[in-house]
Amino acid sequence: MELPKNYDPAAYEADIYALWEKLDAFKPKGKGEPYAIVMPPPNANANLHIGYELTAALEDIAARYNRLKGKNTLLLPGADHAGFETQVVYEKRLAKEGKSRFDFSREELYSQIWDFVAENRGNFETQMRRMGVSCDWSRFTFTLDEKIINRAYTTFKKLWDEGLIYRGERLVNFCTFHGTAFADIEVVHKLEKGHLWHLDYPLTDGSGHITVATTRPETMLGDTAVAVHPEDERYKKFIGKTVKLPLTKREIPIIADEFVDREFGTGAVKITPAHDPNDFEVGKRHDLPFISVIDHQGKLAGEIPEIYRGFTVEAGRDQIVKDLEEQGIVSKVEDHEHNVGHCYKCNTIIQPLLRDQWFVDMQPLAQPAIKALKADKITFYPDTKRDQLVRYLEGLHDWNISRQIAWGIPIPAFQNIDEPDDWIYDERVSEEFIEVNGKTYRRDPDVFDTWFSSSSWPYATLNYPEQDFKDFYPLALMETGGEILYPWVSRMIMLGLYVTGKVPFEAVYIHGYVMAEDGSKMSKSVGNVVDPLPVIDQYGSDALRMGITAGRSAAVNRGYDVRRVEEARNFCNKLWNIARFIESLKPATEQLKVETAADHWILHKLQQLEQGLSGDLDEYRFSEGYEKLYHFVWDDLADWYLEASKAQPNVPLLRRVLADVLTMTHPYAPFVTETIWQTLEWTGDSLLATSDWPKPLKGDRKQADEFEEIKSIVSESRYLIKVLGASDVTLYYTDVPFLGANAGIIARLAGLQAVKEVRDGDGVYLTHTRYRCWLDIAMSATRQYAETLAEKHQATEKRIASLEGRLANKAYVDQAPKHIVSQTKDQLKEAQAQLVAITE
RNA sequence: GGGUGAUUAGCUCAGUUGGCUAGAGCAUCUCGUUUACACCGAGAGGGUCGGGGGUUCGAGUCCCUCAUCACCCACCA
């Protein structure tokens with residue numbers, strides 16, 4: 001077998017993935033402890049971005065690791081219909097054709113978007129294969145699959161039957177551009193410069209006026225009260241009186257409510273229950289009328305003076321301020337900075353509007369979730385996210401699950417056309433009208449919020465309550481980005497507990513974002529988005545996954561750095577060449593024997609790696625595990641053991657170590673490790689992907705330590721030869737048996753002419769070993785080195801003094817753990833020995 | 001307004017419960033083609049761990065405080 005000098009990922013990756021699929025490598029093996037991850041479904045309509053590459057990489061590392069460890073492993077892929085997101089994209093396309101969603105019925109729009117998504121759906125499946133994701137494609141789930149829709153309906157029905165669903169006219173966050181309501185969490189608050197207008201509302205009895213302060217004067221058309229704090233001495237006398245609202249001349253009461261902040265503005269607030277969440281609450285408490293003056297298109301409407309009708313909110317504000325000023329009502333205008341809610345998609349200012357919507361009563365769902373979280377039923381990485389989630393759940397308001405869009409799961413509810421309060425649950429959502437008990441009902445045109453159906457994702461994908469559910473629920477891990485901790489993770493926990501009685505997953509891992517190279521957010525409009533596919537083309541899939549995983553800890557945002565990808569590409573090439581080298585050696589014997597100090601040392605290192613790496617991956621420390629592997633492969637294996645092997649090869653052991661290290665690297669670099677595995681002549685027909693995690697052989701500790709000593713002798717010899725510009729150097733030593741046994745290895749590694757034992761002699765002494773070794777370089781040729789030695793002498797003396805001081809400290813010796821103290825003693829001994837060596 | 005996290009080498013970041021002389025990659029400098037790899041090898045330089053205070057035998061690690069930055073949440077009209 002002749003392998004090229006450099007690993008070329010593009011030449012192998014597609015074939016390797018096809019091989020895995022052909023041999024069903026990613027199907028759960030049906031035995032062993034279960035380990036399941038259901039992948040967060042990416043938007044079916046969009047290309048996979050670099051953030052999904054990170055998700056895919058982390059989940060795949062976890063899945064492949066646990067599969068190798070012998071667990072019954074399932075990695076389940078899916079795709080999201082991404083209701084609102086996708087409809088927005090589709091509407092943009094319609095706009096280009098000069099059309100809009102209003103040109104079509106709901107059914108037409110739905111089927112058009114279905115086709116639109118279908119066009120793109122194949123893309124990301126190809127992309128996930130290129131990322132090397134070891135998922136079971138036979139279980140692929142789309143969020144509009146029948147089982148997901150049925151699950152959403154069953155859950156809705158359960159909530160309905162148990163009285164946790166209510167329909168109510170509530171204030172919702174309404175985007176007047178998109179024509180739909182949003183959950184609180186979908187509203188983005190931004191600090192904006194505005195004004196605070198002071199308006200003098202005249203008292204009806206003519207005894208003066210009360211001054212209210214507002215940032216939104218146009219809503220005064222819908223005012224139904226003025227509120228003051230009950231304890232406010234300035235206003236006590238006004239409570240119970242009425243004012244005559246300017247412009248509309250309606251008479252409204254002055255009420256007392258504790259929500260009023262006496263310090264803010266004038267201490268008197270106009271109350272507009274139909275257009276402000278606070279005022280809505282006040283309105284309910286005081287039984288005030290709710291007068292809507294803004295419609296769903298963001299225009300002034302309703303019971304208002306004819307001249308204002310049809311104005312946009314902004315234009316209406318200007319006109320009303322102007323009119324109020326003419327009447328002398330505006331007594332003051334201040335600059336004022338305040339937060340304003342915007343649509344997260346189009347940035348339109350969100351209007352709180354009164355709408356009939358479906359709501360879920362959340363506290364009955366949140367309480368069990370809070371309890372489970374506090375009882376540590378779910379491990380969070382990082383830990384802080386759990387408390388963050390608890391705080392969120394404790395303050396959770398009821399959830400508006402109605403969306404006024406076409407692309408989504410229709411809400412299975414019908415309204416009696418004669419009695420508006422008579423609503424029934426029915427799943428015949430393809431009918432607009434149905435007859436029940438001789439009465440006619442009309443379907444609610446709204447669809448569910450995407451998060452409503454995806455809250456059931458962990459058990460719906462597993463066919464609750466059927467077989468996969470029994471095998472794999474709760475999931476081992478939910479891995480996702482921090483932005484959906486609240487909208488998704490929290491809801492999966494609440495509904496998982498509500499429907500199945502169990503938390504949906506044992507652990508949650510939150511990854512940070514992949515930022516642009518300069519640390520800013522990636523965004524299409526800025527144009528700093530990194531597309532993963534060209535990177536894979538250039539460097540290979542393994543390189544991208546390792547490059548993006550390296551140095552990244554849970555929930556920490558980090559810039560994409562192509563140098564990390566290059567480093568990982570080099571790592572793949574290193575593995576490739578290690579394998580090439582080992583493959584070029586022909587074994588003298590097939591028998592596995594552990595002989596030299598180097599053999600024991602590499603086994604010892606390998607064993608440490610296995611333990612360290614398992615520990616890291618069990619705790620989802622992806623980056624630390626990668627670093628351990630990298631250093632073992634590069635420093636220990638390639639730079640030391642392979643180099644030592646050139647003097648004295650132990651081929652059976654080299655093969656064994658290679659097999660073990662390939663297996664352990666496989667989760668991080670599945671393609672290159674499998675490619676190597678398939679090309680090695682002695683690995684048979686097996687797949688690395690479905691092999692067993694290695695059980696490394698044990699190396700003898702004492703001989704391993706001897707090799708450490710050899711390493712430091714070699715390093716120092718290299719250094720001395722280099723700084724002294726010496727050549728043809730011989731290393732002499734007295735009375736160190738293992739140096740004799742390793743003379744050939746040492747000579748080769750250090751580039752020495754020979755390594756010899758002698759009784760006595762003179763030259764440049766090594767200072768990094770406690771043994772008596774010297775190089776046959778005349779001291780006379782080493783004047784500048786003497787200075788270095790002198791400095792070192794000083795430093796060592798200082799260190800000895802410090803160590804002695806520490807040991808002289810009674811408190812230290814008494815209180816510090818024994819092993820630390822004895823460690824200090826050893827250090828002192830070593831330093832003293834070094835000092836002797838330097839002096840010589 | 002509330003909360004969380006960050007601040008360690010020129011750059012990007014590790015540093016698990018306090019305990020070897022604080023690490024890595026990249027970058028820099030010097031040398032090098034010998035049985036894999038120049039996507040390589042050998043060697044070197046570089047940090048008073050944001051400032052100040054405290055607890056401790058011992059602090060990058062724990063506490064207080066200040067500064068700067070980032071993110072999340074929130075109905076002060």
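Note that the structure is predicted; figures quoted are calculated from it, not measured. Below, chains carry the letters A, B, ... as their sequence lines are ordered, and counting in each starts from 1.
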Work out how far the [atom1] atom of [N] is from that of [M], and round it to whole angstrom.
N     : M     : atom1 : result
B:A27 : B:G5  : C1'   : 29 Å
B:C31 : B:G15 : P     : 37 Å
B:A22 : B:U48 : C1'   : 13 Å
B:A6  : B:U61 : C1'   : 15 Å
B:C62 : B:U16 : P     : 9 Å

Can you tell me how far [atom2] of [N] sits from [atom1] of [X], to the nearest Å?
X        : N     : atom1 : atom2 : result
A:Met515 : B:A6  : CE    : C1'   : 13 Å
A:Arg580 : B:U35 : CZ    : P     : 14 Å
A:Met546 : B:G25 : CE    : C1'   : 14 Å
A:Asn577 : B:A38 : CG    : P     : 7 Å
A:Ile676 : B:C37 : CD1   : C1'   : 12 Å
A:Tyr7   : B:C39 : OH    : C1'   : 13 Å
A:Glu567 : B:C11 : CD    : P     : 18 Å
A:Glu619 : B:U17 : CD    : P     : 12 Å

Confirm from the modelled atom types if [X] and [N] form a donor-acceptor pair under 3.5 Å, side chain to base only.
X        : N     : answer
A:Lys646 : B:A36 : yes
A:Glu643 : B:A36 : yes
A:Lys574 : B:C37 : yes

Inset, instruction - Please find out if less than 6.0 Å separates the ring center of A:Phe174 from that of A:Phe182. - result: no
Find the partner of [N]: check Watson-Crick (N1-N3 plus N6-O4 or O6-N4) and G-U wobble (N1-O2, O6-N3) distances, both under 3.5 Å, and reply none if neither fits.
N     : value
B:U48 : none
B:U35 : none
B:U55 : none

Legend entry - nucleotides 69-77 of chain B: protein proximity per nucleotide (B base, S sugar-phosphate only, - neither; heavy atom, under 4.0 Å): ---SSBBBB
Contact class for [X] (heavy atom, under 4.0 Å): base, sugar-phosphate, or nothing?
X        : value
A:Ser645 : nothing
A:Thr384 : sugar-phosphate
A:Ala638 : base

Legend entry - A:Lys586 atom NZ, neighbour heavy-atom count above 12 within 6.0 Å: yes
Inset, instruction - May I ask you to verify if any side-chain N or O of A:Ser623 is less than 4.0 angstrom from the OP1 or OP2 atom of B:C13? - result: no
Below 3.5 Å is the cut-off: list the nitrogen or oxygen pairs between protein and nucleotides 42-46 of chain B, distance only.
| from | atom 1 | to | atom 2 | distance (Å) |
| --- | --- | --- | --- | --- |
| B:A42 | O3' | A:Arg718 | NH1 | 3.3 |
| B:A42 | N3 | A:Lys722 | NZ | 3.1 |

Of the nucleotides [options], which has the atom closest to the [X] side chain?
X        : options             : answer
A:His631 : B:A36, B:C39, B:G25 : B:G25
A:Arg558 : B:G25, B:A36, B:U12 : B:U12
A:Glu624 : B:A14, B:A36, B:G25 : B:A14
A:Arg391 : B:G3, B:A36, B:G25  : B:G3
A:Arg563 : B:U4, B:U35, B:C26  : B:C26

Inset, instruction - Can you tell me which residue pairs pass the salt bridge (Lys or Arg N to Asp or Glu O under 4.0 Å) test with a partner in residues 535-550 of chain A, sequence neighbours excluded? - result: A:Asp60-A:Arg545, A:Arg130-A:Asp537
Inset, instruction - Would you kindly compare A:Tyr630 and A:Ala647 by the position of their nearest RNA chain B nucleotide and give the one closer to the 5′ end? - result: A:Tyr630
Legend entry - Parallel, tilted or perpendicular, as decided by the 30° and 60° cut-offs, for the rings of A:Tyr12 and A:Trp576: tilted
Inset, instruction - Kindly assign one of parallel, tilted or perpendicular to the pair A:Phe280 and A:Phe290, based on the angle between their ring planes and the thresholds 30° and 60°. - result: perpendicular
Legend entry - Geometric cation-pi criterion A:Arg491 and A:Trp399, 6.0 Å radius, 45° cone: yes
Inset, instruction - Quick one: closest heavy-atom pair of A:Lys270 and A:Thr272, and the distance? - result: NZ-OG1, 3.1 Å
Inset, instruction - Indicate yes or no for a side-chain donor-acceptor contact from A:His286 to the backbone of A:Lys284 under 3.5 Å, with no hydrogens or angles considered. - result: no
